[in-house]
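Here's the structure we're looking at; comments come further down.
All values reported here derive from a predicted model rather than from experimental measurement.
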2 protein chains.
Amino acid sequence: MPTSTTKREDILDSALTLFAERGFDATTIPMIATDAKVGAGTIYRYFANKEVLVNTLFQHYVTLFKEALEKNYPEEAGIREQFHHLFQGMIRFTNEHDHALYFIKTHTSAYFLDASSREQFGHLLMIFENFFEAGKQHGHIRELPSKALIAIIFGGFLQLYQLIRVGELEASAELLAGVEESCWDAVRHHS
Amino acid sequence: MPTSTTKREDILDSALTLFAERGFDATTIPMIATDAKVGAGTIYRYFANKEVLVNTLFQHYVTLFKEALEKNYPEEAGIREQFHHLFQGMIRFTNEHDHALYFIKTHTSAYFLDASSREQFGHLLMIFENFFEAGKQHGHIRELPSKALIAIIFGGFLQLYQLIRVGELEASAELLAGVEESCWDAVRHHS
DNA sequence: TTTATAGGAATGAATATTCATTCCGCTTTT
DNA sequence: AAAAGCGGAATGAATATTCATTCCTATAAA
């Protein structure tokens with residue numbers, strides 16, 4: 001077998017957790033190696049260097065997230081249901097990939113992201129941007145720049161999930177439903 | 001003049017900017033020294049080490065922020081006005097101390113914060129917690145854990161301000177008023 | 001008023017430490 | 001037995017921290 005894919009994924013998993021918890025600069029390669037139960041040198045068999053590793057990780061999860069949001073998107077449904085779909089997508093994605101969204105968020109404007117990573121992230125934002133623009137057109141969404149609306153939703157959601165991850169809140173269905181309602185009220189148009 | 005207090009403050013100012021822009025780990029002491037126009041060794045005359053420096057900075061601005069929120073707090077006013085006061089406090093503080101809130105936010109759960117820093121930050125949260133608890137008691141605020149409400153407001157606000165700092169949005173009075181309304185709708189009780 | 005001097009402040013080159021990356025011998029697979 | 005995959009010690013570069021030296025400035029002697 002040419003290099004079992006397992007190790008590569010162990011490395012990516014460990015890197016995701018550590019980058020999310022401590023940040024890129026505070027995470028050392030030996031740390032990742034230890035956590036992944038792998039020699040430090042092995043990491044370099046799979047990734048040319050630390051920056052390639054972080055960009056690979058970033059693009060991988062941005063893509064996954066984008067797909068999660070786009071899958072089964074209810075094009076024809078009402079706006080509230082579309083919002084529900086997006087919000088549920090965020091929740092499901094966060095549950096499936098523990099640290100991924102937080103990692104994405106905290107590294108979105110990092111100095112070491114390459115052009116491709118930035119581009120991928122742009123695509124991701126576009127999903128939300130399209131949603132909000134269409135919603136504003138129909139008078140369903142508050143008249144604020146889409147970028148601002150995205151920031152409010154994303155910022156709030158991720159800050160909340162940080163609390164959950166740290167254990168200060170429990171992710172009950174009730175809490176999540178309440179938060180979705182809160183976020184919806186933040187962006188919808190009120191008459 | 002024996003050691004003008006200026007140098008110490010030059011150092012703190014430079015550190016604030018650099019920590020906020022690049023993060024603690026990506027900021028080197030020589031960088032701070034250069035920016036502050038000071039010898040690298042001079043920093044160690046004022047701060048025992050890099051961690052003491054960052055904790056000093058953190059506590060300083062948390063305290064300032066807390067004071068800004070508490071000053072002229074309208075105890076007797078209605079809840080919407082109290083919310084306005086808090087929100088305005090956030091805006092004013094951010095305008096007066098450019099990078100301070102962002103620095104606080106991005107370093108709140110950092111591994112190098114000492115007990116005192118964490119405690120100070122707890123006091124800060126208490127202001128919001130008290131506000132939300134009282135509001136829920138009177139049925140004015142959404143029935144969600146205060147921690148969650150705080151996360152939504154803070155997360156959203158700071159994410160937004162990051163866009164402003166980066167220049168993607170302009171901090172017009174109109175935008176800020178809209179965002180305040182959005183945040184208020186996120187936390188208030190809807191009948 | 002001018003000059004000398006003590007002592008705190010500031011400096012930045014030197015040192016110690018940490019970290020990304022490399023390299024080589026050992027292990028496993030074929 | 002050869003080849004491929006691994007581990008982890010070794011290397012070199014970057015960084016935090018130290019320290020011997022210089023620079024001020026305030027006071028005091030001349």
Subject >> N or O in side chain of B/Tyr46 less than 4.0 angstrom from C/dA10 OP1/OP2 >> reply: yes
Subject >> Contacts of A/Tyr102 that satisfy side-chain hydrogen bond (donor to acceptor under 3.5 Å, both in side chains) - sequence neighbours left out >> reply: A/Gln162
**OP:** Any side chain to side chain donor-acceptor pair (under 3.5 Å) involving residues 87-96 of chain A? Give me the pairs, sequence neighbours left out, ordered by first then second residue.
**Re:** A/Asn95-A/Tyr161
**OP:** For D/dC6, take OP1 and OP2 only and decide whether either is under 4.0 Å from a side-chain N or O of A/Lys37.
**Re:** no
Original post:
Is it the case that A/Ser146 and A/Glu129 place a side-chain donor and acceptor less than 3.5 Å from each other?
Top reply: no
Subject >> A/Asp25 CG to C/dA20 C1', straight-line distance once rounded to whole Å >> reply: 12 Å
With 3.5 Å as the limit, what N/O pairs link the protein to nucleotides 12-19 of chain C?
| unit_1 | atom_1 | unit_2 | atom_2 | d |
| --- | --- | --- | --- | --- |
| C/dG12 | N7 | B/Gly41 | N | 3.2 |

Original post:
Given atom CD1 of A/Ile11 and atom C1' of D/dC6, what is their separation to the nearest angstrom?
Top reply: 11 Å
Original post:
For B/Glu51, what residues pass the side-chain hydrogen bond (donor to acceptor under 3.5 Å, both in side chains) criterion, not counting sequence neighbours?
Top reply: none
Run the side-chain donor-acceptor check on residues 63-73 of chain B: report pairs under 3.5 Å with partners two or more places apart or on a different chain.
| unit_1 | atom_1 | unit_2 | atom_2 | d |
| --- | --- | --- | --- | --- |
| B/Thr63 | OG1 | B/Gln59 | O | 2.8 |
| B/Thr63 | OG1 | B/Gln120 | OE1 | 3.4 |
| B/Tyr73 | OH | B/Gln82 | OE1 | 3.4 |

Original post:
Partners of A/Arg165 by side-chain hydrogen bond (donor to acceptor under 3.5 Å, both in side chains), sequence neighbours excluded?
Top reply: none
Original post:
Who pairs with A/Asp25 by side-chain hydrogen bond (donor to acceptor under 3.5 Å, both in side chains), at least two apart in sequence or on another chain?
Top reply: A/Tyr111
**OP:** Can you tell me the distance, in whole Å, between the NZ atom of A/Lys7 and the P atom of D/dG5?
**Re:** 12 Å
Original post:
Do A/Leu125 and A/Ile150 touch side chain to side chain, with heavy atoms closer than 4.5 Å?
Top reply: yes
Cut-off 3.5 Å, no hydrogens considered: what does the side-chain donor-acceptor table look like for residues 172-180 of chain A, sequence neighbours left out?
| unit_1 | atom_1 | unit_2 | atom_2 | d |
| --- | --- | --- | --- | --- |
| A/Ser172 | OG | A/Leu175 | N | 3.0 |
| A/Glu180 | OE1 | A/His84 | ND1 | 3.1 |
| A/Glu180 | OE2 | A/Arg80 | NH1 | 2.9 |
| A/Glu180 | OE2 | A/Arg80 | NH2 | 3.3 |
| A/Glu180 | OE2 | A/His84 | ND1 | 2.8 |

Original post:
Between the two ends of the helix from C/dT1-D/dA30 to C/dT30-D/dA1, what is the bend in degrees, rounded to 10 degrees, where each end axis spans five pairs?
Top reply: 0°
Subject >> Separation of atom CD1 in A/Ile43 from atom P in D/dG8, rounded to whole Å >> reply: 12 Å
Subject >> Protein-nucleotide distance (B/Arg45, atom CZ; C/dA9, atom C1'), rounded to Å >> reply: 5 Å
**OP:** Return the value, rounded to whole Å, for the distance between atom CZ of A/Phe47 and atom P of D/dC6.
**Re:** 12 Å
Subject >> Rounded interatomic separation in angstrom, taking CG from A/Asp10 and P from D/dC6 >> reply: 11 Å
